[in-house]
Structure formats: structure tokens, C-alpha cells
Amino acid sequence: MGYVVIGILLCFSSASCYLASARPMLVSGSPSNKIMATQRSRAPAGSRVFLPIAQENNNDVNQVAGWATTLHPYFGSRSKMSIWGSSHEHSQESGASITIYSGSAQESFNCIQAGLHVFPDWYNSSDVHFFVYWTRDGFQSTGCTNLRCPGFVPAKGAALVPGQPIAPSVYGGKDRYITISLYMDPSTGDWVLYREDLATPSFLGHFPKELFTNLNDGADVGWFAFVDYRKNEPGPPMGSGHFPKEGERKAAYFKKIQLFDSRANAYDLQPGQSDLTRVFTQQECYNVSEVIQTKHDGTVFYYGGPSGCVM
Ligand SMILES: *[C@@H]1O[C@H](CO)[C@@H](O)[C@H](O)[C@H]1NC(C)=O
Ligand SMILES: *[C@@H]1O[C@H](CO)[C@@H](O)[C@H](O)[C@H]1NC(C)=O
């Protein structure tokens, strides 16, 4: 994730938003690729919402599929996330994360991510790894992935450590997942991370509030899947490598999606929530389903796409 650039969601009317780059020169070559449709964004006309979404630069392509809120404040999220592995070429990354973000300019853009990724350049293997990431200046000079810089403070004896590999699901078979929550502890102001798919919730660690300049009063939340690859090379699979329409046991998902309020109370994300925005960069390659409410899995969406996307 060394080459990310922030996307800006520009909303011109209640029905259309476009994903634009914070650095316009990077998108001048092929602006049509940057158009982002939304199903139900009702962000105010003219609003600029910064999304922690990578865009392409000269050599790299970054694709995203997911959902995001655009009218903070929220104070965190919990979600069950499917775990999928895949074989990657060098320099390719794919993954998914809960993302907390806030800020109206790149310099002040604060972001925390916790999720899963496949990134052979980092780990020297195609295994799926748990990861965390933070920045407070829009990916410029602060922050890092996992424990490569001071920032995230892992808990002693945590059930999952940033960078740790985990076993993936099997297409049409075993469903493997992780449930994580990332929210602001109202008593300390720190952002705390828990793993909650075990018998009892396990505290994984925290991001001290001092790391950030913009998250004290809440933030927006994104549930994003992403792939990064070299331009003109076939892209890696996203999720299970299958489109969201394949659904249960076949497509990657976020389930039991919840938001936290300022008192650390969790409540279900509502599919009809007015500021919920569908985010994608190229849905022929990497698509994302509608958000639906289900009896057993709460609020759910599916995402993904096969390898071979060329852009
Ligand atoms: C990468 O993995 C290969 C195969 O497992 C191993 O031979 C090699 O030493 C590893 N390289 C590093 C830098 O860890
Ligand atoms: C992507 O998913 C949406 C929502 O399910 C669907 O309407 C659309 O047709 C899909 N797009 C492609 C290119 O498959």
C-alpha cells in the first residue's frame, strides 16, 4: 500500500456522485474509469467526501468495491468478514477491511483500517494475513501497515496479531470468517480493536487517540474490498474470485455489519440509511451487491471478481 492516493467523492446531486482523485493529474488520462455510480447516495449536492480509496498512478492500478457512509459522525463498526485466499503475481495485493476515516483535505485525512489481505511482496507467501493500517495525513508521511512503525499497540497475548496468516474459505465449501470490531472507547478516546468470532471477545490492541487529528468527533465508515496491481497486467482476483451474484458460500461478504455511536453502543447498519453509498471503480471486473437485511446474518453485502482484469 505504498502508492495510494485519496479519492474524493463529489456529489453533484442527490442521485449522482463521482469518484475523483485528490490529485487530478493522475486521472486525466482516463476519466471514464473513475466514474462511480451510486444507488442511493443522498449526500448533499456539492459535498466533497474524501474516501480512503486508492487511485491509479503511472504504474499501478487500484480497484475498490464496497459501501461507505458519507455523513459522519460514527464511532466505529463491527462486521463479520469472509476470508479468501488466492494466488497472486508479484506486486499484487487484494484484501478487504473495515475503514474509519475523516478529514476534508489530504493533509488532514485520518484513516484506520483493519482487515485481511493477500500481499506476497510483503509476506513472501500467498497466504491471507490479518492487517491494520493508519495514517493522519492522507497516506503521505505518517502511519504504516501492521507494526512497521509506532502506532498500533497490540494487546499482550492477543488472539490475532497484525501480519498473522489465517486459513481461507473453500469455494462452495467451508466458510471461514473473522468478526472484528473497531470503535472509539468513550472513556479513553482511543480506537480499540477486538476479535469477536471466538467464544469470548478478544482484545487485539488499540490505536492511541494521539495518533489522530480528526477522529475525536467521529468519522465515516467504509467496508471496502480492494486490489492493487501493475497497469497493463491482468489484475488479481478480488474476494473469492467470483462475482457477488453467486452469493452464499461462493462470493466474499461482509455480514452482521454494525455501526457504533459515541457511547460505544452498536446498532445494525440499515440498508435504507440515507448516506449509505455504493462504491466501485470498475464493476465489470470487481462488483459489489446491494446491501440487504437478513434474518440470520443481519446486514449483508457480497463483493468480488475474477482475476484477469486489464486496465
Ligand atoms: C521466500 O520464500 C521462499 C519459499 O518458501 C524461501 O525459499 C525464501 O527464502 C523466502 N525469502 C525470504 C526473503 O523470506
Ligand atoms: C454489479 O452489481 C449490481 C448490483 O447487484 C448489478 O445491478 C450490476 O448489473 C452488476 N454489474 C455488472 C457489470 O455485473
With a 4.5 Å heavy-atom cut-off, do [X] and [Y] have their side chains touching?
X	Y	answer
Phe152	Pro162	yes
Pro237	Pro306	no
Ile180	Ser79	no
Phe207	Val132	yes
Phe254	Tyr303	yes
Tyr74	Asp261	no
Gln92	Glu233	yes
Phe280	Cys285	no

How far apart are the closest heavy atoms of [X] and [Y], and which atoms are they?
X	Y	result
Gly151	Pro208	O-CD, 3.3 Å
Ser240	Ala251	OG-CA, 3.6 Å
Gly308	Pro234	CA-CB, 3.8 Å
Ser77	Ile257	OG-CG2, 4.5 Å
Leu193	Phe203	O-CD1, 3.6 Å
Val192	His206	CG1-CB, 4.0 Å

Roughly how far apart are [X] [atom1] and [Y] [atom2], rounded to 0.5 Å?
X	Y	atom1	atom2	value
Ser262	Asn216	OG	CG	12.0 Å
Glu107	Asn214	CD	CG	11.5 Å
Lys255	Ile292	NZ	CD1	9.0 Å
Ser97	Gln113	OG	CD	4.0 Å
Lys250	Tyr171	NZ	OH	4.5 Å
Phe212	Phe109	CZ	CZ	11.5 Å

Practice problem: Let me know which of Arg78, Gln258, Glu196 forms a side-chain hydrogen bond (donor to acceptor under 3.5 Å, both in side chains) with Ser181. | Solution: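 Running side-chain hydrogen bond (donor to acceptor under 3.5 Å, both in side chains) over Arg78, Gln258, Glu196 with Ser181 returns exactly one hit, Glu196.
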
Test side-chain hydrogen bond (donor to acceptor under 3.5 Å, both in side chains) applied to Tyr302 and Lys245, Glu248, Glu290, His242, the passing residue: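 One option only clears the test, and that one is Glu248.
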
Any donor-acceptor pair under 3.5 Å from [X] side chain to [Y] backbone:
X	Y	value
Thr69	Val221	yes
Arg278	Val288	yes
Asp137	Thr142	yes
Ser125	Asp127	yes
Thr299	Gln270	no
Ser289	Phe301	no
Thr200	Leu198	no
Thr281	Val64	yes
Asp197	Thr179	yes
Asn146	Tyr133	no

- Are Tyr267 and Leu182 co-members of a hydrophobic cluster defined by side-chain heavy atoms under 4.5 Å apart?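 Hydrophobic grouping puts Leu182 with Tyr267.
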
Is there a path of hydrophobic side-chain contacts, each under 4.5 Å between heavy atoms of I, L, V, M, F, W or Y residues, that connects Val300 with Met238?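 Hydrophobic grouping puts Val300 apart from Met238.
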
Can you tell me if [X] has over 12 outside heavy atoms packed within less than 6.0 Å of its [atom1]?
X	atom1	result
Lys80	NZ	yes
Asp217	CG	no
Tyr177	OH	no

Item to complete: Mind running side-chain contact (heavy atoms from CB on, under 4.5 Å) on Asp268 and Gln293 for me, showing each step along the way?
Response: CA-CA 9 Å; Asp268 286 0; Gln293 195 102 44; 3.8 Å; yes

- Query: Given Phe131 and Phe119, is the ring pair (Phe, Tyr, Trp, His ring centres under 6.0 Å) satisfied, shown in steps?
  - Reply: CA-CA 10 Å; Phe131 82 95; Phe119 197 2; 9.2 Å; no

Do [X] and [Y] get their side chains close enough for a donor-acceptor pair, meaning under 3.5 Å?
X	Y	value
Tyr229	Gln63	yes
Asn265	Tyr183	no
Ser91	Arg230	yes
Asn110	Ser102	no
Trp223	Thr99	no
Tyr253	Asp175	yes

* To do: Report the residue from Val128, Val227, Leu116 that forms a side-chain contact (heavy atoms from CB on, under 4.5 Å) with Ser94.
  =>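 Only one option passes, and that is Val227.
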
Quick test of your reading of the model: are Glu210 and Arg136 salt-bridged, counting only N-O distances below 4.0 Å?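 No, no charged N to carboxylate O under 4.0 Å.
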
Please report the C-alpha distance between Leu211 and Trp134 in whole Å, then the side-chain angles of each, then the deciding distance to 0.1 Å, and finally whether the side-chain contact (heavy atoms from CB on, under 4.5 Å) criterion is met. CA-CA 9 Å; Leu211 295 174; Trp134 69 275; 3.7 Å; yes

message = Within 45 degrees of the ring normal and closer than 6.0 Å to the centroid, is that where the cationic atom of Arg148 sits relative to Trp122?
response = yes

Q) After noting the C-alpha distance and the side-chain angles of Leu204 and Tyr194, does the key distance pass the side-chain contact (heavy atoms from CB on, under 4.5 Å) rule? A) CA-CA 5 Å; Leu204 300 184; Tyr194 285 83; 5.7 Å; no

Only residue of Tyr123, Trp84, Phe224, Phe226 satisfying ring-ring contact (aromatic ring centres under 6.0 Å, His included) with His117 is Tyr123

